[in-house]
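To start, the structure itself, in structure tokens.
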Amino acid sequence: MAALTNAEIAAALEEIADILDFQGANPFRVRAYRNAARTVGEMTESVADLVEKDQGNLLGLPGIGKDLAEKIATLARSGSLPLLEELRSQVPEGVLDLLKVPGLGPKRAATLYRELGVTDLEELRQACLEHRVRQLKGFGEKTEAAILEGLDLATQATQRMYWAVADQIAQSILQHMEACKGIRSMQFAGSYRRGKETVGDLDLLVVADDATRVMDHFGRFSGVEKVLARGDTKMSVRLQIGLQVDLRNVPEESFGAALQYFTGSKEHNIVLRGRAKERGLKVNEYGVFAGEKRIAGRTEEEVYAALGLPWIPPELREAREEFAWADSGILPTLVELSDIRGDLHVHSTWTDGTASIEEMARAAKARGLSYIAITDHSKRVSMVGGLDADRLRQQWQEIDQINRRLKGFRILKGVEVDILEEGGLDLPDEVLAEADWVVASIHYGQNQSREKITRRVLEALENPYVSCFAHPTGRLIGKRKPYQIDLDAVIRKAAELGKMLELNAHPQRLDLDDVACAAAKKHGVLVVIATDAHSIDGLEALRFGVLQARRGGLSKADVANTRSWPELKQLLNRRS
DNA sequence: GCCGTTTTCGGCCCGACTGTTTTCAGTCG
């Protein structure tokens, strides 16, 4: 069997964790498998390649010891693992789906299987309808009803939403809540605050004198479909669009601790708590405690300081390298939207854009940018009227004319040239040589083998006129898997040749992702944050790209288009 | 299953809420 990809290895490890969890195994053993799955899933280098060179390479990785290194090596080499086969044979197919039902964890799912012989979601529904579930010890009428309701949600496949969509909802909730009297502080926490590319739910923290009034007001938000829970300090609702929103009222002196706690990530908090323990301290959502005495909690800065740490930006809180950076005083100052000077991937009505070159330029200028590159498609993208050499030169004449009119702004003559299926670029070198900025990208042959598609891209990078490789993995979040491309090889080649890689800022792409951005930075490859805007509104996406870059730990200097065009141009010349 | 100048064994983050309990287990974040 062919070697497995990192994603496939990670999935296998997750499956082991799921089955062990269901079987009631030691929860820390389960966690070990989940941690390993995460480590493998976040690696840019191919684990299979690594193993081929030397299995010992795996041992240094976080959360991977002797046993897991061996199992991962076996998986990578043979595509299967005896332990996984054995576990699968012990559990009927479909039974793990029970864990997807909200309110059902490993314990209850196992009871349903053991006592009622339930092996899939449909049998579970039947058991509920026949009131057999409520007769089980530890279950009751309400649990049975909750499971029935949860079943509908589970079959709807509870989807995470794009950060950009969550942002709209969060902002309208804030607007609604601002009308409520007596709220002294209010902020969203959770993965939304960390700027994760998708958001599963929203967590809103408030400091208010009258929790009842705040919760009543919260319940009147127009999008609320159902109140799921309501206690003294916490209320959960489900919105009509399926998103769950939690509201917590916290004491003022605990606001920072609560913000830290509920911002997560869970993994970051586990490390933080471990460090507290080493110092004889305890951290919870109310503060940092030495014995009974609270020594911090009002602000996040206080909380981190009490643990001997600088404040860590939420985007970095994934238990990756942030603690090591903090310890050695090299936490990066993250790039900000205001650092961005230009947009280097913009379309116009010359191909599939909805606004003219001049309209896009003026809109970009109004956003405070000082340059854009018009990068319309090349001819291979025939569906959108991709440009051949003649049309492209015509377009550049128009750009020259507009540039003469525009003050304090520059439109670059660019192109998004297709990397052809059988290799080579869609326009001749002598045309590309006349461009200010050349973005190469893949639109066809996305399903090619790893070897073939990687070779195509490495070849394209070798072209002296290519400046940047756009949307490097082609993934569409939740919709389309990345190409089988060897991203590690692409990053190394880009480093070698001084080429840049795009972080496509479209909320469905965000490609490079955070982990790949970090890998690019490690190799000294400059990242271009660009919108790929096809409309004036599309220029808005820049801020989503910046957020992703921040999650990758990028500073201003790591992002190419924080420079003025003359500076950037010089960099291109020096590198080629 | 991982990990270690407090440990190579015994830890592994912690609290709110719910429903079923009669003092707490399970789930969630």
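Keep in mind the model is a prediction, meaning the values are calculated, not measured. Protein chains get the first letters and strands the later ones, always in sequence-line order, with residue 1 at the start of each.
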* Asked: B:dG29 base to A:Asp246 side chain: any donor-acceptor pair below 3.5 Å?
  -> no
* Would you indicate what A:Leu104 reaches in the nucleic acid, counting non-hydrogen atoms under 4.0 angstrom: base, sugar-phosphate, or nothing? => sugar-phosphate
* **Interatomic distance at C1', B:dG10 relative to B:dT6, whole Å** => 13 Å
* **B:dC12 phosphate, OP1 or OP2, under 4.0 Å from A:Arg29 side-chain N/O** => no
* Asked: Taking atom C1' in both B:dC13 and B:dG29, what distance in whole Å separates the two?
  -> 12 Å
* To do: Give me the residues of residues 131-147 of chain A where at least one heavy atom lies under 4.0 Å from an atom of DNA chain B, by number, or none.
  => A:Gly138, A:Phe139, A:Gly140, A:Glu141, A:Lys142, A:Thr143
* **Interatomic distance at P, B:dC9 relative to B:dC14, whole Å** => 25 Å
* To do: For A:Val30, report the nucleic acid contact type (base, sugar-phosphate, nothing); a contact means any heavy atom under 4.0 Å.
  => nothing
* What is the nucleic acid contact for A:Asn35, judged by heavy atoms within less than 4.0 Å: base, sugar-phosphate only, or nothing? -> nothing
* To do: Between B:dC17, B:dC14, B:dT27, spot the one nearest the side chain of A:Thr233, thanks.
  => B:dC17
* Asked: Rounding to the closest angstrom, what is the interatomic distance between B:dT8 and B:dG1 at atom C1'?
  -> 14 Å
* Polar side-chain contact A:Tyr286-B:dG15 base: donor and acceptor under 3.5 Å -> no
* Asked: Where does B:dT7 land, syn or anti, once you apply the within-90°-of-0 test for syn?
  -> syn
* Test item: side-chain donor near acceptor, A:Asp246 and A:Ser236, under 3.5 Å -> yes
* Asked: Hey, does A:Lys266 reach any base, or is it just sugar-phosphate, or nothing, if we go heavy atoms under 4.0 Å?
  -> base
* To do: Could you work out the separation of B:dA25 and B:dT20 based on their C1' atoms and round it to a whole Å?
  => 9 Å
* To do: From the options B:dG29, B:dT27, B:dC12, select the nucleotide whose nearest atom is closest to the side chain of A:Lys277.
  => B:dC12
* Determine the interatomic distance between P on B:dT21 and the same-named atom on B:dA16; round to the nearest Å. => 24 Å
* Nucleotide of B:dC13, B:dT27, B:dG15 approaching A:Phe28 most closely (side-chain heavy atoms) -> B:dC13
* **Check ion pair A:Arg543-A:Asp167 (N to O, under 4.0 angstrom)** => yes
* Where the side chain of A:Glu285 is concerned, which of B:dG15, B:dT27, B:dG29 is the nearest nucleotide? -> B:dG15
* Can A:Arg230 and A:Asp216 be counted as an ion pair, charged N to O under 4.0 angstrom? -> yes
* Could you check whether the rings of A:Tyr192 and A:Trp163 sit parallel, tilted or perpendicular, using 30° and 60° as the cut-offs? => parallel
* To do: Mind checking A:Arg248 for me? I need base, sugar-phosphate or nothing, with any heavy atom below 4.0 Å counting as a touch.
  => nothing
* For atom P, what is the distance between B:dT23 and B:dG11, given to the nearest Å? -> 28 Å
* On a whole-Å scale, what distance lies between the C1' atoms belonging to B:dC2 and B:dT7? -> 14 Å
* To do: For the pair A:Asp514 and A:Lys196, find out whether any cationic side-chain nitrogen is under 4.0 Å from an anionic carboxylate oxygen.
  => no
* How is A:Pro27 classified with respect to the nucleic acid when contacts are heavy atoms under 4.0 Å: base, sugar-phosphate, or nothing? -> nothing
